[in-house]
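What's counted below: heavy atoms across the whole structure, side chains too, no hydrogens, waters or symmetry copies. Convention: sequence-line order gives letters A, B, ...; per-chain numbering from 1.
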Protein chains: 2
Amino acid sequence: MISDYQSFTADLQLSKEDICRELYRQNTDMIRVKKEATAIRSLARIIDSTLRLANTKGFHAMTLRDLCADSELSMGGLYAYIRNKDDLIHLIQTHGFILTRRTLLHYTGAVTMPREKLYEAIKAHLFLSELMRAWFYFSYMEAKSLPEDEKQRAITMEREIEGIFCGILEAGISNGDYRSDNPRLLSSLIKALLQDWYLKRRKYRDQQVDIDTYATTILNLIENHLIP
Amino acid sequence: MISDYQSFTADLQLSKEDICRELYRQNTDMIRVKKEATAIRSLARIIDSTLRLANTKGFHAMTLRDLCADSELSMGGLYAYIRNKDDLIHLIQTHGFILTRRTLLHYTGAVTMPREKLYEAIKAHLFLSELMRAWFYFSYMEAKSLPEDEKQRAITMEREIEGIFCGILEAGISNGDYRSDNPRLLSSLIKALLQDWYLKRRKYRDQQVDIDTYATTILNLIENHLIP
DNA sequence: GTCTATAGCATGATAGAC
DNA sequence: GTCTATCATGCTATAGAC
């Protein structure tokens with residue numbers, strides 16, 4: 001169970017290194033660097049820089065020269081890790097998918113009561129998107145210009161997440177916690193609210209709304225609607 | 001007062017031509033075509049094509065050759081209307097601002113009771129974004145890569161809209177219609193829900209949720225929260 | 001007022017030295 | 001394993017014919 005954002009951050013051994021190791025091993029075909037240690041270090045830098053630059057000017061507007069400058073690699077060096085610009089997208093998306101799937105399932109799997117579970121799912125998604133804001137932002141903003149296979153992967157992931165929320169609402173309706181309503185529509189609305197947190201992060205910072213307040217506000221909004 | 005989407009569409013004389021005429025007259029410095037009638041016709045085509053292409057592949061990825069092909073102008077012809085690619089953004093943004101401001105003020109100005117006014121504002125925004133979906137989508141997605149002055153204009157417009165909703169909620173709280181709460185945060189959440197309608201249009205089409213249902217769902221969500 | 005042709009430049013990608 | 005140097009492409013923007 002998650003108590004608040006502080007404890008979540010401590011809990012989740014974010015260990016970017018672990019994920020980069022997995023990334024490296026999954027992509028030995030396109031990565032031509034054989035020494036794992038250096039490869040992992042470079043991959044982390046490449047992903048980091050790409051996310052930063054792409055989120056500022058857009059992925060297409062970001063040139064590979066920009067990326068090389070920011071990640072402190074040469075053009076030749078970069079091309080040891082990717083075959084072309086689209087491979088960058090693949091690396092980044094895979095990296096985010098692994099972490100998101102792992103985290104959401106872990107935290108919602110630990111609870112069974114619908115109301116409690118809804119709160120856990122909201123917090124897990126929100127907190128994760130806070131920690132990985134750059135990835136969530138990238139993934140949302142570049143979705144429309146992804147290569148076709150990546151687009152499909154992204155849609156599947158989206159459905160999976162909305163399915164989690166929808167399942168919780170359905171369970172709550174059938175066990176009488178919630179009144180009868182359209183769970184699919186409501187889970188879409190919850191998702192929209194969760195997304196606004198990382199899409200319009202600055203707005204909430206200006207309003208001095210903190211993440212725990214945001215989580216409870218969403219929960220209250222939904223519960224006041226579903227519990228007469 | 002707006003009754004439903006059908007009547008709204010009929011009401012609003014969308015007359016793109018009127019707006020293009022205004023656009024033309026406001027931008028005689030950069031438009032080198034002197035015959036108003038042809039200029040207006042071309043402007044409408046240019047804006048239309050730009051929105052379509054930019055929303056598919058992104059504004060930066062859209063080349064001016066793409067645009068010329070789609071709008072049936074030559075490169076030289078196009079450059080009679082703009083000085084550079086950024087001028088396209090200016091045209092499009094101005095065009096949307098004029099229409100949005102005009103519509104929202106018109107429909108919310110006609111009502112005074114907060115609860116009624118909230119419903120009108122939700123409908124006006126939602127219906128407008130449905131009619132002008134391409135513009136709203138463009139404006140949201142390209143916001144981060146706008147030239148600095150355009151970015152400021154966009155932020156001002158955003159604030160104006162959120163201010164309208166916030167004002168309504170505050171009025172409702174102080175006249176006792178709503179219980180006391182954080183109106184600024186709530187108006188941000190309302191905005192997020194309104195945005196999801198045009199950002200994820202396909203999702204709601206797949207769910208077979210129509211626009212009038214969406215409007216009442218948002219209203220109910222907020223009222224169930226604010227009216228105990 | 002609109003066209004075709006082209007200048008000038010920045011980009012993605014590669015070859016080959018170290 | 002990483003670098004510098006270079007190629008081919010495709011872009012924005014303009015010049016000049018009609």
Side-chain angles (χ1 to χ4, degrees), chain A residues 20-21 23-25 27-46 49-50 53-54 56-92 142 145-147, chain B residues 20-21 23-25 27-46 49-50 53-54 56-92 142 145-147:
Chain A
C20 283
R21 177 169 301 114
L23 257 189
Y24 172 68
R25 293 183 182 167
N27 293 285
T28 41
D29 48 334
M30 77 188 194
I31 300 175
R32 292 194 309 278
V33 176
K34 292 297 161 209
K35 229 164 77 184
E36 192 173 85
T38 51
I40 289 173
R41 204 165 357 99
S42 297
L43 275 177
R45 280 218 307 269
I46 291 170
S49 294
T50 306
L53 295 170
T56 313
K57 15 164 69 184
F59 180 74
H60 192 270
M62 173 200 78
T63 71
L64 295 184
R65 285 178 174 73
D66 292 341
L67 178 57
C68 288
D70 198 271
S71 64
E72 291 173 303
L73 275 158
S74 63
M75 285 294 272
L78 177 64
Y79 270 86
Y81 294 92
I82 56 170
R83 289 162 303 188
N84 53 54
K85 210 178 166 188
D86 277 356
D87 277 352
L88 272 175
I89 294 179
H90 181 76
L91 282 178
I92 286 174
E142 302 297 338
S145 29
L146 295 181
Chain B
C20 284
R21 176 171 301 111
L23 257 190
Y24 172 70
R25 292 181 183 168
N27 294 284
T28 42
D29 48 335
M30 77 187 194
I31 299 174
R32 292 194 310 276
V33 176
K34 294 297 159 209
K35 229 164 77 185
E36 191 172 87
T38 52
I40 289 172
R41 203 162 2 96
S42 296
L43 275 177
R45 279 218 308 270
I46 290 171
S49 294
T50 305
L53 294 170
T56 312
K57 15 165 67 184
F59 180 74
H60 192 271
M62 173 199 78
T63 72
L64 296 183
R65 290 192 215 313
D66 292 342
L67 178 56
C68 287
D70 198 271
S71 63
E72 291 173 303
L73 275 157
S74 63
M75 286 294 273
L78 176 64
Y79 270 88
Y81 294 93
I82 56 171
R83 289 162 305 188
N84 53 52
K85 211 179 164 187
D86 277 357
D87 277 352
L88 272 176
I89 294 180
H90 181 77
L91 282 177
I92 287 175
E142 303 296 339
S145 29
L146 258 32

Partner residues of A:Ala61 under the side-chain contact (heavy atoms from CB on, under 4.5 Å) criterion, sequence neighbours left out: A:Lys57, B:His60
side-chain contact (heavy atoms from CB on, under 4.5 Å) involving A:Thr56 - partner list, sequence neighbours excluded: none
Checking the side chain of A:Tyr24 only, and the main-chain atoms of A:Val33 only, is there a donor and an acceptor separated by less than 3.5 Å? yes
Inter-axis angle, terminal five-pair segments of the helix from C:dG1-D:dC18 to C:dC18-D:dG1 [nearest 10°]: 0°
Between CG of B:Leu67 and P of D:dT12 the distance, given in whole Å, is 10 Å
Go along nucleotides 4-18 of chain C 5' to 3' and tag each nucleotide: B for a protein heavy atom under 4.0 Å from its base, S when only backbone or sugar atoms are that close, - otherwise. B------BBBB----
Sorted by chain and residue number, the side-chain hydrogen bond (donor to acceptor under 3.5 Å, both in side chains) partners of A:Lys85 (sequence neighbours excluded) come out as none
Of all heavy-atom pairs linking B:Tyr79 and B:Leu64, the shortest is OH-CD1, 3.1 Å
List in chain and number order the residues that pass side-chain contact (heavy atoms from CB on, under 4.5 Å) with A:Ser49, two or more places apart in sequence or in another chain; answer none if no residue qualifies. A:Arg52, A:Leu67, A:Asp70, A:Ser71
Within this structure, what is the CG-to-P distance between A:Leu43 and D:dG1, rounded to whole angstrom? 13 Å
Rounding to an integer number of Å, can you tell me how far B:Tyr81 OH sits from D:dA13 P? 18 Å
Check the surroundings of atom NZ in A:Lys35: do more than 12 heavy atoms from other residues, nucleotides or ligands lie under 6.0 Å from it? no
Looking at CD1 of A:Ile92 and OG1 of A:Thr50, how far apart are the two atoms once the value is rounded to the nearest 0.5 Å? 4.5 Å
